[in-house]
Amino acid sequence: MHAVTYELIKEAKQGKARRGRLHTPHGTFETPMFMPVGTQATVKTLSPEELYDMESQVILANTYHLFLRPGSGLVKKAGGLHKFMNYNRGMLTDSGGFQVFSLGEMRKITEEGVMFRSHIDGSKQFLSPEVSVRVQEELGADIAMAFDECIPYPSDFNYTKKSTERTTRWAERCLKAHTRPDQALFGIVQGGMFPELRKMSAESLLEMDFAGYGIGGLSVGEPKPVMYDMLDQTTDWMDKQKARYLMGVGTPDCIVEGVNLGVDMFDCVFPTRVARNGTAMTARGRLVIRNAVYAEDFRPIDENCSCYTCRNFSRAYIRHLFKAEETFGLRLLSIHNLHFLLDFAKKIRDAIEQDRFAEFRKEFWDNWEEKDKRPENLN
RNA sequence: GUGGGUAUGGUGAAGCGGUUAACACGGCGGAUUGUGGCUCCGUUACGCGCAGGUUCAAAUCCUGUUACCCACC
């Protein structure tokens, strides 16, 4: 029995959307879900209480960053990540694989693992399936992710195949190294933009009996239709009784389409990152709060939003905070954006429950301003 | 009052006779998808205090004028 299990509650009549529950050592959570990102053991600018208020469920932390600073040994001494950062709901740690490949200037990939230089002090570091699992066990999140290579886009077939096969071997080693009974381990499907490699990756990982599965290597620069196609090809080969987590994806349009293709979990830095750059998310699209048109706009970001920010502050005020570089602005927009996405996921869950997800999806695209991203199969 | 100096966009300033007046900040847009509050991209002076003059050519040279700064009475 895995420490984290997925309970399938309901499937949509058309499309592959599904309503489920994730049972974890820190509670049961509703899917489809959006998971706020708290890379360095904090969702930037927000307190745990503020996250609870917006009904945040599972949040992410990052192995690469915490491994380099403050070190997993210290977190272990503190009593684990939950205690260390005082967040008592679900938690997931990324394996560090992605960062090694995206942040690492000099890195050397071998069968054994990856040698790389720390972005903090330039020191030489080594991460492998065994090291990543050990670090993640010390961090102690409910869900740990297998150490994988996120293949850049574009990559040719031969490299993708070689890398995907290695990621599969690394997955096996992660499973073998994993010992903590109160923590689940998720495998990660790779395969780049090649359907047959996606299938190969999914099938071989399926045999290993992970608690759930991440879908990696998507949203790395490929066109949206390609991503949706790959996602479609990937979920077809996955176990219906286990959670599917589309890694690093989390704009509203991608979430709707991801859910429609059978995804249960999403995470993304997008809402919190763009918040810090002055962009608010709405059901229509982005609202760049620092634009001059909002200088004297005393309405809230969204009239219909119930978040703390929208209940109390105007666009003009938030714009002023950004212009004056006051940190409260970062917080207000982070609160709004996270609230928006968590609420968005809730609306999706309700729609699936009430058998109207197809309608929800259609309505979403009718309101969405980026019409060019509209999928073709939306009758 | 006398002598000297400086006047270039929102700001700090380059340019010292000859391509479309550098560069930085700011402003205005945009990007941002397993997080560096980072970063990246585009745009932003039909004009060089004002008025004349010299020259094929003037922000650059000359004259006058105005403002400010420094020194001395």
Side-chain angles (χ1 to χ4, degrees), chain A residues 34-46 58-66 68-69 92-105 118-121 132 136 141 143-153 167 186-190 213-224 227-228 231 244-255 257-258 263 265-281 285-295 319 321-334 337-338 341 370 373:
Chain A
F34 175 76
M35 305 182 284
V37 177
T39 305
Q40 309 205 69
T42 171
V43 175
K44 291 185 193 300
T45 80
L46 302 184
V58 178
I59 63 171
L60 253 74
N62 188 276
T63 299
Y64 170 92
H65 289 277
L66 297 174
L68 295 179
R69 183 174 57 195
L92 179 152
T93 44
D94 191 7
S95 67
F98 183 82
Q99 282 65 37
V100 166
F101 296 105
S102 69
L103 296 179
E105 281 293 290
S118 161
H119 73 284
I120 298 170
D121 61 7
S132 176
Q136 291 189 80
I143 301 169
M145 298 303 296
F147 187 71
D148 66 330
E149 178 187 357
C150 183
I151 308 158
Y153 175 83
T167 287
F186 277 27
I188 301 175
V189 177
Q190 289 288 345
Y213 291 92
I215 301 165
L218 291 180
S219 196
V220 288
E222 77 282 12
K224 289 279 166 81
M227 176 177 110
Y228 297 147
L231 196 50
R244 301 147 172 190
Y245 160 33
L246 178 55
M247 305 182 75
V249 171
T251 53
D253 53 332
C254 291
I255 290 178
E257 293 310 303
V263 174
M265 303 158 70
F266 300 85
D267 83 281
C268 196
V269 302
F270 194 83
T272 39
R273 176 182 286 166
V274 299
R276 280 178 264 116
N277 287 325
T279 300
M281 300 173 76
R286 303 170 196 190
L287 187 153
V288 181
I289 203 68
R290 55 192 155 66
N291 283 3
V293 285
Y294 303 120
R319 177 176 191 273
L321 294 178
F322 269 87
K323 288 294 172 190
E325 294 184 66
E326 286 292 343
T327 59
F328 193 42
L330 309 182
R331 280 170 41 67
L332 288 179
L333 243 39
S334 295
N337 283 356
L338 241 28
L341 267 193
E370 296 173 301
K373 292 185 180 166

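Both backbone and side-chain heavy atoms feed into the values below; hydrogens, waters and symmetry mates do not. A, B, ... follow the sequence lines: proteins, then strands. Residue 1 opens every chain.
- Following rounding to the nearest Å, His65(A) (NE2) and G36(B) (P) show an atom-to-atom distance of 4 Å.
- Distance noted for atom P between G9(B) and A59(B): 14 Å (whole Å).
- For Arg276(A), taking side-chain heavy atoms from C-beta onward, the closest of the listed nucleotides G37(B), U33(B), U32(B) is G37(B).
- Side-chain contact of Thr167(A) with Gln190(A): a donor-acceptor pair under 3.5 Å is absent, judged by distance alone.
- Rounded to whole Å, atom P of G30(B) lies 12 Å from atom CD1 of Ile289(A).
- In a base pair of the Watson-Crick type (N1 to N3 plus N6-O4 or O6-N4) or a G-U wobble (N1-O2 and O6-N3), with each distance short of 3.5 Å, C40(B) is matched with G30(B).
- If you check the side chains of Thr279(A) and Asn277(A), you find no donor sitting under 3.5 Å from an acceptor.
- Remark: the separation of the P atoms in C48(B) and U39(B) is 36 Å, to the nearest Å.
- If Leu330(A) and Asp267(A) are placed on RNA chain B by their nearest nucleotide, the residue sitting closer to the 5' end is Asp267(A).
- Nucleotides A21(B) and G30(B) have their P atoms positioned 29 Å apart, rounded to a whole Å.
- Here the side chain of Val249(A) is nearest to one of G37(B), U32(B), U33(B), namely U33(B).
- Between His119(A) and His65(A), the ring planes lie perpendicular to each other; the angle is over 60°, past the 30° to 60° tilted range.
- Atom CG in Leu333(A) sits roughly 13 Å away from atom C1' in G37(B) (whole-Å rounding).
- Tyr294(A) has its side chain within reach of Arg319(A): a pair of non-hydrogen atoms, C-beta onward, lies under 4.5 Å apart.
- Nucleotide U63(B) is matched to A51(B) when pairs are restricted to Watson-Crick or G-U wobble geometry with both distances under 3.5 angstrom.
- Across all strands shown, the partner of U2(B) is A71(B), judged by Watson-Crick or G-U wobble contacts whose two distances both fall under 3.5 Å.
- For the C1' atom pair drawn from A58(B) and A51(B), the interatomic distance equals 15 Å after rounding to whole Å.
- On the C1' atoms, A31(B) is 44 Å away from G17(B), given to the nearest whole Å.
- Here the P atom of nucleotide G37(B) and the CG atom of Leu321(A) are 19 Å apart, to the nearest Å.
- Straight-line distance between the C1' atoms of U32(B) and G37(B): roughly 13 Å, to the nearest whole Å.
- Nucleotides A22(B) and G15(B) place their C1' atoms 7 Å apart, quoted to the nearest Å.
- Taking atom CZ on Phe186(A) and atom C1' on G34(B), their separation rounds to 14 Å, with Å as the unit.
- When distances run from any side-chain atom of Met247(A) to the nucleotides U32(B), G29(B), G34(B), the shortest one goes to G34(B).
- The side chain of Phe270(A) sits closest to U32(B) out of G29(B), U32(B), G34(B).
- Between Ala292(A) and Lys373(A), the residue anchored closer to the 5' end of RNA chain B is Ala292(A), taking for each the nucleotide with the nearest heavy atom.
- Between the P atoms of A7(B) and A13(B), the separation comes to 10 Å (whole Å).
- As a whole-Å value, the separation of Lys323(A) NZ from C28(B) C1' is 8 Å.
- With a cut-off of 3.5 Å on both Watson-Crick or G-U wobble distances, the partner of C16(B) is given as none.
- Scanning atom types as modelled, no donor and acceptor separated by under 3.5 angstrom connect the side chain of Asn277(A) and the base of G37(B).
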